[in-house]
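The structure appears below as structure tokens.
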Amino acid sequence: MKNLIFTSLLSLISIFSFAQNEMYLKAMEKSVASFQKAATVADLQLTANGFERIAKAENKAWLPAYYQSLCYMMMAAKSNDGKQITTVINYLDKAQVALDQAQAIDENNSEIYTLQGYIHQGRVWEDPMNKGAEYTQKSFAAFGKAMALDPTNPRPYYLKGQHTFFMPVFFGGGADKALPLFQQAEKRFATFKKASSIHPNWGQDMNSHFLQRATAQ
Amino acid sequence: MKSTLLLSLLFLASFSYSQTTIKGIVLDETGESVIGANIYIQDTYDGTSSDEVGAFEFKTTMEGEATIVVSYVGYEDFSLNITIAKTDLSFNFKLEPSASELDAVVITAGSFEASDKRKAVVLKPLDIVMTAGATADIAGALNTLPGTQTVGETGQLFVRGGAASETRSFIDGMWVQKPYGSSVANVPARGRFSPFLFKGTIFSTGGYSAEYGQALSAALILETTDLAPRTKTGVYAMTVGAGASHTQRWEKSALDVSVDYFNLSPYLKLMPQNIAWDKAFQSVNTQLVFRQKTSKTGMFKLLSTFSRSGFALQYPDADNVLQTNPLSLNNDNLYLNTTYKAMLGEKWSFFSGLAYSNNQDNISSNFGLDTKDESIQLKWRLGTQLHEKVSLKFGGEYLASQWDEAFQDKESQGFESQLKETYLANFVETDLQLSKKLLARVGGRFEYSQLLQKMNFAPRTSIAYKTSKHSQISLAAGQFHQTPDNEQMRFQQNLNFESADHYLFNFQQIKGGRIFRVEAYWKEYRNLIRQAANGQRNNLGNGFARGIDFFYRDKTTINNGDFWISYSYLDTERWYRDFPEASTPNFASKHNASLVYKHWIPKWSSLIGFTYSVASPRAYNDPNETAFNAARTPVFQDLSFNASYLTTLWGQSTVIYVAINNLPGFKNNFGQRFSRQANTDGEFTSIPIEPGAKRFFLVGAFVTLGQRMTEAERKAL
């Protein structure tokens with residue numbers, strides 16, 4: 001009898017946790033789909049909100065916080081027109097807080113280090129003259145760590161390439177320096193297999209775009 | 001048993017399918033709707049975003065006690081405990097802007113900060129390097145800020161009617177005995193320390209912290225950089241010298257060594273000079289900088305510089321204007337500064353420092369004058385957060401110094417002087433965050449001088465109040481004491497500290513790349529050294545300085561352009577030293593203004609800039625006139641230009657730098673130097689005091705080797 005109670009309880013719990021997991025997957029899939037469609041800052045804001053809600057409820061999963069951070073990072077990038085620095089700083093700060101949450105859950109994750117490098121890159125935009133050297137250094141260190149943690153991850157190569165592409169020749173940047181990075185990224189994008197339907201899988205289009213530009217120059 | 005459990009679980013599950021609608025509106029502090037705010041029930045997926053009018057609506061399957069959270073970028077998270085029954089709920093939320101670093105209230109009275117530390121600073125470290133006319137000299141750049149008076153013949157900082165000796169420089173909290181290179185009267189000096197050494201500069205033109213003492217007018221507080229980011233080597237060549245440096249970076253430490261050699265002789269031969277040089281200025285400087293990260297919060301820093309410099313020239317003789325006398329100066333300077341900083345546990349921060357300075361000047365002319373200054377300083381400081389709103393710091397310092405001078409001339413026997421000082425000080429200071437908008441700082445400093453056999457106490461206080469999101473007002477008041485300089489002390493030691501009381505009122509607005517500041521001040525000098533008719537010195541001197549400083553900086557209006565305008569009005573008089581009456585001293589000018597402009601040209605990767613400075617006439621005493629200090633210098637004007645071109649040479653990052661000071665060749669005059677005795681016609685003859693040359697040109701190339709990819713980065717590809 002006791003045994004029966006135990007098994008039924010156990011099965012109930014697993015049904016519940018399965019349902020819970022199903023709910024998580026569904027919610028994430030929906031949000032990832034809207035992330036892929038998001039074109040404007042407003043779209044990204046709504047998507048970020050969706051990820052934030054999941055992230056706040058799921059404190060064992062790194063993906064929701066990671067995506068939330070990524071949304072804010074992209075909002076910062078889209079707002080970076082030189083006229084609304086405070087907004088850019090606010091988005092970067094928010095992206096960093098969310099990424100710290102993801103990092104606390106998964107300490108050694110190549111994707112998280114990649115995004116960290118991207119956020120550091122954003123700090124350069126705040127004030128290129130005064131922050132350029134320091135944050136480029138930090139950004140490249142994070143990309144280096146991301147490459148070491150997962151040599152098949154194309155994104156650190158793509159983002160490092162992008163940063164190098166826009167960096168003045170004087171500081172070791174330029175199209176010719178960026179080209180091999182885009183090529184390395186391209187090679188990895190071609191064979192990259194995402195771990196699940198909700199794992200990071202972005203950047204390929206932009207990389208092809210930059211690869212073309214860098215080749216043309 | 002089993003059935004009841006199952007039933008109740010099913011019951012629970014079925015309940016969770018009943019839904020409640022939650023709706024409402026989100027507004028900001030001004031009542032505007034917030035678009036895209038996130039509204040959700042904590043620990044559930046239930047929630048939504050606010051729409052174009054700030055409205056939201058969502059359904060939840062939650063029942064009972066819950067927390068609803070509203071969040072939006074740039075605003076404080078808002079949360080509310082609610083009870084969800086089956087009835088629909090409606091809310092009006094009002095968000096408060098988050099207190100970001102930009103909005104925090106900070107004490108700004110009296111001080112200009114150049115750093116990357118805080119976002120709301122007036123200057124960045126690079127601004128000091130890139131200011132035209134300053135040729136990368138710290139004092140030169142700070143002279144474009146309000147509150148300073150241009151005194152072109154010295155190259156030093158004069159603040160709000162104070163003499164150069166009333167401004168003290170500190171590196172990492174430690175006193176710098178000789179911040180300027182050695183020079184003789186009316187030959188301008190340059191700062192000894194490169195602006196590239198520092199990540200933060202606080203230039204306080206009054207009302208500064210109780211941590212700093214022995215400066216009646218101003219404190220220049222310099223903070224050195226931390227670990228250099230990477231290993232690199234640099235070399236440079238200029239029209240006046242060359243140098244090399246190497247930085248080695250390890251994981252937790254970094255070492256930087258550099259050597260500079262300056263020789264003005266080729267330049268002086270090429271350009272016409274007003275000064276007849278026998279031997280052009282030459283110097284060799286070596287510098288060693290070491291940093292060690294000792295723990296997560298611990299940092300040990302060492303800075304050591306040694307320089308040897310000298311020159312010889314024909315010094316015009318005011319007593320016999322047809323004649324010049326040979327004069328040479330040789331200087332050796334050693335400075336050592338070590339500091340250690342760390343957190344002691346979670347709550348206490350600890351700082352300790354040791355500085356040693358040794359300076360020797362040998363002047364030889366138709367007389368000989370050898371001066372030696374040596375000092376050692378020890379300092380410690382503890383800081384803690386007593387309470388969320390109250391922080392406290394306190395510390396102490398010990399300084400031992402000795403000054404020796406030997407004078408000989410052909411006629412007399414010569415004489416020797418010596419002064420030995422032991423100085424002790426303690427300070428305490430607390431910051432009280434009285435409200436989100438109101439910050440008060442109260443502190444005091446106690447000092448004892450063995451040379452004077454006197455002690456003093458200096459209370460200091462300042463208050464800052466945030467008047468709006470972008471603006472604030474600050475007030476400061478304080479007492480400042482300084483031991484009379486050696487020129488006074490050598491004659492007589494039974495004297496007291498000279499003192500000044502500061503009162504400042506400051507308004508500052510920072511909004512979207514534009515900074516506006518205005519500061520009014522009143523400075524009362526007391527106990528200044530006065531020389532009585534019998535040659536006896538006393539502390540009966542007094543004086544005042546009052547004025548208003550304006551500063552406006554704009555980085556937004558002109559695309560890729562950045563400019564600042566400073567204007568200072570100064571009204572000052574003092575009755576001290578050998579003055580027969582109260583008078584405006586020679587180093588004070590009523591009006592000083594500067595316009596600094598910098599423009600970045602991305603296409604050429606070049607930064608160009610110019611600085612225009614103007615100062616109203618200064619008073620000087622002409623003994624041929626009966627009235628004291630009645631003569632006036634002409635108006636001072638200077639227009640300087642500089643350009644930096646960033647490029648690569650042999651694949652290495654290179655900066656080509658060009659600077660021209662006083663491009664239009666304004667004829668500046670700083671007064672006259674008079675003969676000591678009247679000639680047979682009863683007249684005092686004089687020599688005009690003028691810049692060494694009308695213009696100054698500088699061309700240089702700075703190459704940084706090793707900015708390329710590291711081995712590890714290459715391998716990663």
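Naming: A, B, ... by sequence-line order, numbering from 1 per chain.
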- [ ] With a 4.5 angstrom heavy-atom cut-off, could you sort out which part of B/Val69 is near chain A: side chain, backbone, both or neither?
- [x] neither
- [ ] With a 4.5 angstrom heavy-atom cut-off, could you sort out which part of B/Ser605 is near chain A: side chain, backbone, both or neither?
- [x] neither
Just verifying a value: how many Å separate [X] [atom1] and [Y] [atom2], rounded to the nearest 0.5 Å?
X       : Y       : atom1 : atom2 : value
B/Tyr45 : A/Met23 : OH    : CE    : 5.5 Å
B/Asn38 : A/Lys56 : CG    : NZ    : 8.0 Å
A/Asn90 : B/Tyr75 : CG    : OH    : 9.5 Å

Open item on the list: Strictly less than 4.5 Å between heavy atoms, which residues of residues 38-47 of chain A line up against chain B? Please order them by number.
Closed with: A/Gln45, A/Leu46
Open item on the list: Considering only residues two or more places apart or on different chains, which pairs with a residue in residues 109-128 of chain A satisfy ring pair (Phe, Tyr, Trp, His ring centres under 6.0 Å)?
Closed with: A/His120-A/Tyr135
Task: salt bridge (charged side-chain N to carboxylate O under 4.0 Å, His left out) contacts in which one or both residues fall within residues 43-54 of chain B, not counting sequence neighbours - done: none
Open item on the list: Within the supplied structure, the quantity of interest is the number of heavy atoms (other residues, nucleotides, ligands) at a distance under 6.0 Å from B/Trp604 CH2; does it exceed 12?
Closed with: no
- [ ] Among B/Ile39, B/Thr556, B/Thr654, B/Ile35, single out the residue with the greatest number of heavy-atom pairs under 4.5 Å to chain A.
- [x] B/Thr654
Task: Atom of B/Ser71, atom of A/Glu52 and distance for their closest heavy-atom approach - done: OG-OE1, 3.2 Å
- [ ] Check each atom of A/Tyr91 against the heavy atoms of chain B and say whether the ones under 4.5 Å are side chain, backbone, both or neither.
- [x] both
Task: Greatest number of heavy atom pairs closer than 4.5 Å to chain B - which of A/Lys138, A/Met75, A/Lys94, A/Gln137 - done: A/Gln137
Task: Listed partners of A/Phe189 passing ring-ring contact (aromatic ring centres under 6.0 Å, His included), at least two apart - done: none
